[in-house]
2 protein chains.
Amino acid sequence: MKKILNDPESYVDEMLDGLCAAHPEFYRLVGEDKRAVARATPGAEGKVGIVTGGGSGHLPVFTGYVGPGLLDACAIGQVFASPSAEQMADAIRAADRGAGVLRLYGNYGGDVMNFDMAGDLVEMDDIETTTVLLADDVASAPPEEADKRRGVAGMVYAFKIAGAAAEAGKDLTDVTRIAQKAADACRSVGAALSPCTVPQAGKPTFEIAEDEMEMGMGIHGEPGVWRDKLKPADEIAEEMMDRLLADIEVASGDRVSIMVNSLGATPPEELYILYRIVKKRLDGAGADIVMPLVGRYATSMEMAGVSFTLCKLDEELEGYLKAPCDCAFWTVK
Amino acid sequence: MKKILNDPESYVDEMLDGLCAAHPEFYRLVGEDKRAVARATPGAEGKVGIVTGGGSGHLPVFTGYVGPGLLDACAIGQVFASPSAEQMADAIRAADRGAGVLRLYGNYGGDVMNFDMAGDLVEMDDIETTTVLLADDVASAPPEEADKRRGVAGMVYAFKIAGAAAEAGKDLTDVTRIAQKAADACRSVGAALSPCTVPQAGKPTFEIAEDEMEMGMGIHGEPGVWRDKLKPADEIAEEMMDRLLADIEVASGDRVSIMVNSLGATPPEELYILYRIVKKRLDGAGADIVMPLVGRYATSMEMAGVSFTLCKLDEELEGYLKAPCDCAFWTVK
């Protein structure tokens, strides 16, 4: 796991400096310690704001998705570490256009605690906030404990859909309802082949043999459901689809989007090999695939592996999914 | 280097099946053995066609860049192997809209031989062809032997610029002139940290110690200019900029685009760390940076490393660079 960096302590700050230098049309740093990113051009006055936040090391998640039709601001922690409540409050203030702010982020203990505190902090500024948590990783807890599940790539669908609803002028209640509907519509599962290295730790997040894989592993290396010999692509894809379709019903005539996501090092060539089986399974269920997303949407730096996210659409969600958006990582016309 | 695949022999065919299944709005397979990809919706009658081709394993290069404002068709070889002359002829025929076809590709012996033969094959179909070769890798030969240089990520600029010129209705002579101007305007240099594995070979393309890097290495593992301990990001970026700016003059007031490209596994976080120095150097030269490209534009599967490509613009090139394009990997509005 070789990394191109200077001082590990400055990894995130330097990354943010470079990001904003490369794309000043999209991003600007805000907050006292410059650990929140806001849209270069704020949303319209009276638009509902949407903020997210979390640890670094997942680009385009989270910061990358700040932009028109997506998020308004993002608080950024060190690699795999929660931002502080103050940094989150900075992001909320930057996102506020007078119509309230939705906090839309993944279900991790540190992020939940800090975002709750940040909500208290901005109450003093008379900013109304709501919360929607992503908890889409089916491998992280059984269905009866769905509220314990981790949030992973499903958040990309939620950012896109809620972002479009806010851009369309929906009020905070409606944006929150739509974001919750998008979150509820998503199921994800991942499989890891190799770890990544957190700069400040200087060593891989876990060890795994050269001929092994782990099904269901989390994006920070959280334990999965089994570890065994690396299987052929089609077998991996079949099992991942089994796990998704066991957790959410997909019936004939349903409209779904599916994301086949690289965790970082796995190349798009291999995502497309997997996609053959994904499509076969959804075709087999009689579902119509809408706007499949194949690429690197939610990563763990140089980790090798993939995740699938299924997003079951209704007319409202589909309309917002297809609406325009723009950022350095994703343009929908 | 763990890979998600089935039979190594079917890696490319399965990748192409998945690519076309995921993005039928952009790509369709053509040719007897389905080893050419053409636009799903062909360009307008009378538009100059642009084809490329080369070995697989570099997505989005080459196939990914087939689309409006970019390429018309692409011939696809096995991983890191040239397509056949027949496959290239299939691509040329698919690209032909009655106004001739530009062959625009990288300077590799096998590709040159086969594309020359393909030109002979389509002469029988009365298709006029021209050729522009990319030879932008400054580390692959000294300036006085610039025609021996390999073509690398500079081809992305050439695809974009020539593609926009063809879309704008320029004739074959003009599209060829503009493509040659774009090719001449590009200089690239790469640095590799780890190899990738060609599926049919089943082992890494080269060996390199866990604490080493190689400056100037080619995208198939061709030897570079030095191998030494891995250096800090800023030192790597400074040397790469030194090498580019020694090979092409960038003066105050010049307008340039710069690509900071991951060879695959290196994450965007680290590209942005490098970008700080890239920008500092171009600012220092008094150049204006236009549309910087930071991401994975030309890769070698799961190889870790980066390349920089500088493209020196004039008004004509800048206009075409900024023109709209669309494919599964790159949308410019």
Side-chain angles (χ1 to χ4, degrees), chain A residues 1-7 11-12 14-19 21-23 56-57 59-60 64 79 191 193-194 196 210-213 230 232-234 236 260 264-276 278-279 292 294-296 299-302 304-306 326 328-329 331-333, chain B residues 1-7 10-12 14-19 21-23 56-57 59-60 64 79 191 193-194 196 210-211 213 230 232-234 236 260 264-276 278-279 292 294-296 299-302 304-306 326 328-329 331-333:
Chain A
M1 304 301 109
K2 290 178 186 172
K3 298 185 77 70
I4 301 178
L5 45 69
N6 298 299
D7 179 358
Y11 189 85
V12 171
E14 291 182 357
M15 176 272 284
L16 290 174
D17 284 347
L19 179 78
H23 312 294
S56 293
L59 280 178
V79 172
L193 274 63
S194 79
C196 57
E210 190 48 44
D211 61 349
E212 283 183 335
M213 63 176 285
L230 180 59
D234 289 1
I236 296 170
V260 177
T266 294
E269 284 80 359
E270 294 165 30
L271 302 180
Y272 287 114
I273 290 174
L274 294 165
Y275 185 79
R276 296 158 37 259
V278 169
K279 182 174 189 316
V294 183
R296 289 165 170 116
T299 68
S300 294
M301 295 181 293
E302 67 280 6
V306 294
D326 208 4
F329 297 86
T331 300
V332 178
K333 289 196 297 187
Chain B
M1 303 302 109
K2 289 177 184 174
K3 297 185 77 70
I4 301 179
L5 46 68
N6 296 299
D7 178 358
S10 64
Y11 189 84
V12 172
E14 290 181 358
M15 176 272 284
L16 290 174
D17 284 346
L19 179 77
H23 312 294
S56 293
L59 279 179
V79 172
L193 275 63
S194 79
C196 57
E210 191 47 43
D211 61 349
M213 63 176 286
L230 180 59
D234 288 0
I236 297 171
V260 177
T266 295
E269 283 81 359
E270 294 165 32
L271 302 180
Y272 287 114
I273 290 174
L274 294 165
Y275 186 79
R276 296 158 37 257
V278 169
K279 182 174 188 316
V294 183
R296 289 165 170 116
T299 68
S300 293
M301 297 181 291
E302 67 280 6
V306 294
D326 208 4
F329 298 86
T331 300
V332 178
K333 287 196 297 187

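Here the structure is a predicted model, which is why all the values come from computation and not from measurement. Worth knowing before you read on, the calculation uses all heavy atoms, side chains too, and leaves out hydrogens, waters and symmetry mates. Each chain gets a letter, A, B and so on, in the order the sequences are listed, and its residues count up from 1.
With chain A as partner, the option from B/A191, B/G264, B/S56, B/G64 having the largest number of non-hydrogen pairs under 4.5 angstrom is B/G264. Contact tally against chain A (heavy-atom pairs below 4.5 Å) for B/R296, B/E302, B/M15, B/M213: the top residue is B/R296. The candidate from A/G305, A/S300, A/G295, A/P292 with the greatest count of non-hydrogen atom pairs under 4.5 Å with chain B is A/P292. Highest contact tally toward chain B, considering only A/V278, A/L193, A/V12, A/T266, is held by A/L193 [criterion: heavy-atom pairs under 4.5 Å].
The distance from atom CD of A/E269 to atom NZ of B/K3, rounded to the nearest 0.5 Å, is 7.5 Å. Taking CZ of A/R276 as the start and CG of B/L16 as the end, the distance is 11.5 Å to the nearest 0.5 Å. Within the model, atoms NZ of B/K333 and OG1 of A/T331 stand 6.5 Å from one another, a figure rounded to the nearest 0.5 Å. In this structure, CG in B/D17 is found 10.0 Å from CD1 in A/I273, a value given to the nearest 0.5 Å.
Residues satisfying the ring-ring contact (aromatic ring centres under 6.0 Å, His included) test with B/Y272, not counting sequence neighbours, are A/H23.
For A/P232 against B/N6, the heavy-atom pair with the smallest separation is CB-OD1, 3.6 Å. The nearest pair of heavy atoms linking B/P268 to A/L59 is CG-CB, 3.9 Å. In plain terms, the two heavy atoms of B/P267 and A/M301 that are nearest each other are CB-CA, 3.7 Å. Minimum heavy-atom separation, B/K279 to A/A21: CD-CB, 3.6 Å.
Of the two parts of B/D7, neither the backbone nor the side chain holds a non-hydrogen atom closer than 4.5 Å to a non-hydrogen atom of chain A. For A/F329, the part lying near chain B is the side chain, with the backbone staying farther off; criterion is any non-hydrogen pair under 4.5 Å. For a residue to count as touching a neighbouring chain, one of its non-hydrogen atoms must lie under 4.5 Å from one of that chain's; by this rule B/I236 touches chain A with the side chain only. When heavy atoms are compared at a cutoff of 4.5 Å, A/L274 approaches chain B solely by way of its side chain, counted from C-beta outward. Only the side chain of B/L230 comes within contact range of chain A, with at least one heavy atom under 4.5 Å from a heavy atom of that chain.
Side-chain atoms of A/E270 do not come within 3.5 Å of backbone N or O of B/L5 as any donor-acceptor pair.
A salt bridge does not link B/K2 to A/E210: none of the charged side-chain nitrogens sits closer than 4.0 Å to a carboxylate oxygen.
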